[in-house]
Amino acid sequence: QVQLVESGGDSVQPGGSLRLSCATSGVTYTNSLMGWFRQAPGKEREGVAAVWDNGRKTYYADSVKGRFTISQDNAKNLVVLEMNSLKPEDTAMYHCAADPDWPQAITPDWLDPNDFHYWGQGTQVTVSS
């Protein structure tokens with residue numbers, strides 16, 4: 001049984017940093033695409049970052065490129081999203097998600113939520129002064 005549990009959300013001021021963690025069970029990282037999505041009230045769900053190929057390959061949405069870093073810790077079964085230079089527009093509920101059967105040679109053009117079979121409950125990030 002796959003379980004994803006997010007933590008680390010908080011309220012921070014613009015320019016601040018946060019570290020989100022996704023504790024996973026039942027996921028084989030070797031075959032998976034692990035992603036972070038966010039959804040703000042009234043907006044569509046946005047895929048912001050993903051990692052695959054045992055952590056060797058990463059994807060970032062343009063909106064977070066250069067500010068967010070995704071990584072995975074195979075020994076601890078964690079997927080981590082480091083967020084720096086946070087902006088008010090980063091305010092959202094952040095969800096970890098897993099596609100357990102991703103062709104590892106393929107780089108996604110964008111993160112389609114329909115490709116991800118498993119989702120966590122989310123952790124809230126609020127950026128405001």
Side-chain angles (χ1 to χ4, degrees):
Q1 183 178 359
V2 174
Q3 287 191 318
L4 308 175
V5 180
E6 304 94 334
S7 61
D10 205 344
S11 296
V12 297
Q13 293 187 341
S17 299
L18 281 175
R19 182 178 188 267
L20 305 185
S21 294
C22 174
T24 70
S25 61
V27 177
T28 303
Y29 288 160
T30 304
N31 301 326
S32 298
L33 178 68
M34 301 299 301
W36 281 95
F37 287 77
R38 67 185 181 187
Q39 189 163 22
K43 294 189 176 181
E44 290 189 0
R45 187 168 291 188
E46 177 191 16
V48 296
V51 60
W52 70 105
D53 196 12
N54 272 325
R56 287 187 286 266
K57 298 178 182 176
T58 56
Y59 162 94
Y60 297 97
D62 288 343
S63 57
V64 306
K65 202 170 290 183
R67 301 187 297 122
F68 290 11
T69 303
I70 189 170
S71 62
Q72 65 184 49
D73 185 331
N74 294 347
K76 296 181 179 179
N77 292 323
L78 284 177
V79 179
V80 174
L81 186 67
E82 300 274 2
M83 305 188 298
N84 298 310
S85 303
L86 283 163
K87 306 175 182 180
E89 51 263 43
D90 294 318
T91 296
M93 182 70 77
Y94 282 71
H95 296 269
C96 177
D99 177 350
D101 189 23
W102 180 261
Q104 300 295 289
I106 294 178
T107 298
D109 292 326
W110 66 292
L111 299 182
D112 183 347
N114 294 318
D115 287 335
F116 290 80
H117 303 176
Y118 302 102
W119 293 83
Q121 291 299 308
T123 186
Q124 178 67 38
V125 171
T126 303
V127 185
S128 107
S129 54

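With a 4.5 Å cut-off on side-chain heavy atoms, Glu46 and Val64 do not count as touching. Here the side chains of His117 and Pro100 are in contact, with some heavy-atom distance below 4.5 Å. Two residues are said to be in side-chain contact when any heavy atoms from C-beta on lie closer than 4.5 Å; Ser128 and Ser11 fail this criterion. Using a 4.5 Å heavy-atom threshold, the side chains of Gln13 and Leu86 count as separate. Side-chain contact between Leu33 and Asp115 is absent, with no heavy-atom pair separated by less than 4.5 Å. With contacts defined as side-chain heavy-atom distances shorter than 4.5 Å, the pair Asn84/Ser17 qualifies. The closest side-chain heavy-atom distance from Glu6 to Leu20 is not below 4.5 Å.
A donor-acceptor pair under 3.5 Å is absent between the side-chain atoms of Asp53 and the main chain of Arg56, judged by distance alone. Side chain of Lys57 to backbone of Gln104: a donor-acceptor contact under 3.5 angstrom is found.
The shortest heavy-atom contact between Tyr94 and Ala92 is CD1-O, 3.3 Å. Residue Cys22 comes nearest to Trp36 through the heavy atom pair CB-CZ2, 3.6 Å, listed as atom of the first residue, atom of the second, then distance. Closest approach of Trp52 and Ser32 over heavy atoms only: CB-O, 3.4 Å. Contact between Pro113 and Phe37 at its shortest, heavy atoms only, is CG-CE2, 3.7 Å.
Tyr29 and Leu111 are members of different hydrophobic clusters when ILVMFWY side chains are connected at heavy-atom separations under 4.5 Å. Linking Ile, Leu, Val, Met, Phe, Trp and Tyr residues whenever their side-chain heavy atoms come within less than 4.5 Å places Met34 and Leu81 in a single cluster. Put simply, Val127 and Met93 are part of two different groups of oily side chains (I, L, V, M, F, W, Y) that touch within less than 4.5 Å, one to the next. Val79 and Val48 fall within a single hydrophobic cluster, where Ile, Leu, Val, Met, Phe, Trp and Tyr side chains are chained together by heavy-atom contacts under 4.5 Å. Grouping the Ile, Leu, Val, Met, Phe, Trp and Tyr side chains by contacts below 4.5 angstrom, directly or via other members, places Phe116 with Ile106.
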What do the steps show when you test Val80 against Arg19 for side-chain contact (heavy atoms from CB on, under 4.5 Å), and what is the final call? CA-CA 7 Å; Val80 174; Arg19 182 178 188 267; 3.6 Å; yes
Report the C-alpha separation of Ser63 and Arg38 in whole Å, then their side-chain angles, then the decisive distance to 0.1 Å, and conclude whether the side-chain contact (heavy atoms from CB on, under 4.5 Å) test is met. CA-CA 12 Å; Ser63 57; Arg38 67 185 181 187; 3.5 Å; yes
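Ring geometry for His95 versus Trp119: interplanar angle over 60°, hence perpendicular rather than tilted (30 to 60°).
If you check the side chains of Thr24 and Tyr118, you find no donor sitting under 3.5 Å from an acceptor.
With rounding to the nearest 0.5 angstrom, the CD1 atom of Ile70 is 6.5 Å from the OH atom of Tyr60. Taking CD of Gln121 as the reference point, atom SG of Cys96 lies at 12.0 Å (rounded to 0.5 Å). The structure places OG1 of Thr91 at 9.0 Å from NZ of Lys43, a figure rounded to the nearest 0.5 Å.
More than 12 non-hydrogen atoms from other residues, nucleotides or ligands lie less than 6.0 angstrom from CG of Asn74.
Take Arg67 and apply the salt bridge (Lys or Arg N to Asp or Glu O under 4.0 Å) test, not counting sequence neighbours, and it matches Asp90.
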